[in-house]
Protein chains: 2
Amino acid sequence: MADTTREKIIELADRLIRTKGFNAFSYADISAPLAIKNAAIHYHFPSKADLGISVIDHELERFAAQQRKWAQLPEDEQLKKLSGIFRQRSRQGTICLVGSLTPDYDTLPAPMQQKVQEMCSTLLQWVAQCLEKGRAHGRFDFEGSAEDRALLVMSNLLSSLLFSRALGGNIFGRMSDRMMKDIL
Amino acid sequence: MADTTREKIIELADRLIRTKGFNAFSYADISAPLAIKNAAIHYHFPSKADLGISVIDHELERFAAQQRKWAQLPEDEQLKKLSGIFRQRSRQGTICLVGSLTPDYDTLPAPMQQKVQEMCSTLLQWVAQCLEKGRAHGRFDFEGSAEDRALLVMSNLLSSLLFSRALGGNIFGRMSDRMMKDIL
DNA sequence: TTGTTTACTTACTAATTAGTAAGTAGATTT
DNA sequence: AAATCTACTTACTAATTAGTAAGTAAACAA
């Protein structure tokens, strides 16, 4: 769990963005469960955009840390680790930040749009590099460029959470299995 | 263009859901451009959920009409027609209703959740049947069940609009090309 | 010990939200 | 001609929204 109020706010905002969306959650959704006043949130994050940016930064840091932890694994195992994170999300009923924030992109303040862009390219670049190296090491077999394939891989992970939300069942499992088999 | 006020409201709401999201658009976003009062919207659609449901129904009817128009084409051509609709969307900068409404699913009133479910299964069923028949006719070549493959196809069409929104460029073209080549 | 910073609370605002009740002008029905 | 229906407008409400200004208690620094 989080120590400081600031961290608690970020973690709760993260969950709210994933469950309700950036525009649909309010300061009251954070202040009530943490038993603080909404002004306390504004103290740490002057505007809602500042909070949103911190949530994305927090996610990017976690992702970077995990990357480093996986760096020694074979590339197909690294991709399975990423897929495992999404599997967990599908069990929790939460979606990914990309799936939550890109639909609202046009309504976001400019600094947040930039952060969303940064998050998308960071994730796609990592997947592309993983696929590229994995193919060179004979661990992946697919047609087309690694960048294009990375788009499809991220697409399937992201959408499996969206479809799971509306249709339930083991949609995540079906999609990720099929996706991995396609590139192995 | 639309004749009646009711139809104008539905078409504008459709665009607002695709650009801003269901929770982020307001009655003022509709009443101002149509030069009517917000009470006029409530006259046609008592609650926001009623309006949302009508938008989905309108989309389902359009989709059913197009299906019928394509019914005589070979299945790969039918899928290309569907992809063409998404290509148009990517040029307009609008996303699809599934990509807009499934992230907000948990915040939607129950009757709208049901409609979103219906829309998802309708689209997925059509794609699955198209793939299934197309494979039987030697027009598609892919591994796994048609239902699982339909999930990946819809996933890629949907996500290409989300990624396009945040990253720009010809992401739709890259993703749909790769996706079609994978199953042809 | 005095001054300053940190991390809040209290108390508030202006704007926006979906939704409603009552009235009305014109068309349609009886 | 009278009554009803359709498609609105006028005028309003209660709730919620992000954000602010001023105060405060405790920790820390000079």
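Note on naming: letters A, B, ... go to the chains in the order of the sequence lines (proteins, then strands), and numbering restarts at 1 for each one.
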Are B:D148 and A:R178 within salt-bridge range, i.e. N to O under 4.0 Å? no
Could you measure the distance from the CD1 atom of B:I56 to the CG atom of B:L101? Nearest 0.5 Å is fine. 5.0 Å
Footprint string (nucleotides 13-18 of chain D, 5' to 3'): B base within contact, S backbone only, - free, heavy atoms under 4.0 Å: ----SS
Which of residues 107-117 of chain A have a heavy atom under 4.0 Å from DNA chain C? none
Atom OG of A:S90 and atom CG of A:N170: how far apart are they, to the nearest 0.5 Å? 7.5 Å
Which residue, A:Q114, A:K48, A:M112, A:H58, forms the side chain to side chain contact (heavy atoms under 4.5 Å, CB included) with A:I53? A:M112
B:S83 side chain to B:L79 backbone, donor-acceptor under 3.5 Å: no
Taken to the nearest 0.5 Å, the spacing of A:E147 CD from A:E132 CD works out to 6.5 Å
Over 60° means perpendicular and under 30° means parallel, so tell me whether A:Y27 and A:H42 are parallel, tilted or perpendicular. parallel
Approximate separation, where rounding is to 0.5 Å, of A:N23 CG and A:I17 CD1: 10.0 Å
Do you know which of B:E7, B:R6, B:K8 makes side chain to side chain contact (heavy atoms under 4.5 Å, CB included) with B:H44? B:R6
Mind listing the N/O atom pairs, protein and nucleotides 26-28 of chain D, below 3.5 Å?
none

Quick one, B:F22 and B:S100 - any side-chain contact, counting heavy atoms below 4.5 Å? no
